[in-house]
Protein chains: 2
Amino acid sequence: MEETPSCRVETALEILTGKWKPSILLVLITHGTLRFSELKRQLPNITQKMLTAQLRELELNDIVHREIYQEVPPRVEYSLTDYGRTLIPVLDAINAWGEQHVIHLEQKEKLASASQ
Amino acid sequence: MEETPSCRVETALEILTGKWKPSILLVLITHGTLRFSELKRQLPNITQKMLTAQLRELELNDIVHREIYQEVPPRVEYSLTDYGRTLIPVLDAINAWGEQHVIHLEQKEKLASASQ
DNA sequence: TGGTATAGTATCCTAAACGATACCATGAAG
DNA sequence: CTTCATGGTATCGTTTAGGATACTATACCA
């Protein structure tokens, strides 16, 4: 456990990467509190197993709060923690870069096909 | 190819993730131009295969420039492109969040062991 | 008595990422 | 004519991520 910049970047990226974590976070950011089944409805192709697993990891890192209501059938609600909300600017920065990267790649394509 | 925020975030994250890409980028940011062997020296545990593969991907995405000199033994130099440098603020944001996240987790640990 | 809803686990399988190791081409230096 | 350095490929095996599917507990409702 050294304290290099690349180690810190990797620590942060661990939280954001995985096939589903960005989508889960964005759904929670835009919808606030959601129960498990609602979350699943917003992510049409995720399996129950993956949704559970990713939520557990986010919970372990204090990003997501899990509230269980003792009812039958069960009700479990997920939301961002205050701490989790500190990720929003980071996601925004990544989103902004990704947005213009798509444009950058399109222009590169155009140049490549024009020069043929 | 839809244009959702989560798709853009994932596009950007594809470039940053992988076991070695953050380290490679940070080495190139701090050292400027490096030849293959120097890059490898800075990343003690990477295999030649992985270094080559990751550099090729970064090159494809226009992040890294590869300059071949026709000499024997071969000389190949890698550096960030101008475009690649636009990633630096993003990496900085991720790094800053990762830095305080390490602290956050330590404090959580402390609280957990104190309450036992 | 049996079906329904919710939020999961458990088990097995595939595909992709990653790693270890061996090999290759070139020309200069000895 | 052999050796060395560089910047790679090729091949194989392992490990991890992710997916498909089946199963579970609980209480209510018909």
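Throughout, a chain's letter reflects where its sequence line sits, starting with A, and its residues are numbered from 1.
Applying the 4.0 Å criterion to OP1 and OP2 of dT9(C), one finds that R56(A) has a side-chain N or O inside that range. At the phosphate of dG7(D), OP1 or OP2 sits under 4.0 Å from a side-chain N or O atom of R35(B). Of the side-chain N and O atoms in S37(B), one or more sit less than 4.0 angstrom from OP1 or OP2 of dG7(D). Residue T52(A) places none of its side-chain N or O atoms closer than 4.0 Å to OP1 or OP2 of dG8(C). Using a 4.0 Å cut-off, some side-chain N or O of K19(B) falls inside it from OP1 or OP2 of dG19(C).
Nearest-nucleotide positions on DNA chain C for E77(A) and K49(A) put E77(A) closer to the 5' end.
Within 4.0 Å (heavy atoms only), Y69(A) reaches no atom of the nucleic acid at all.
The nearest whole Å value for the distance from the CE atom in M50(B) to the C1' atom in dT16(D) is 13 Å. In this structure, the CH2 atom of W20(A) is 18 Å from the C1' atom of dT16(D), given to the nearest Å.
Although no hydrogens or angles enter the test, the distance criterion places a donor-acceptor pair under 3.5 Å between the side chain of E38(B) and the main chain of R35(B).
In the interface, the side chain of E71(B) is not paired with the base of dG27(C) through any donor and acceptor atom under 3.5 Å apart.
Ring orientation note: the planes of Y83(A) and H101(B) are close to parallel, at an angle under 30° on the 30°/60° scale.
When only modelled atom types and interatomic distance are considered, E10(A) and S23(B) share a side-chain donor-acceptor pair under 3.5 Å.
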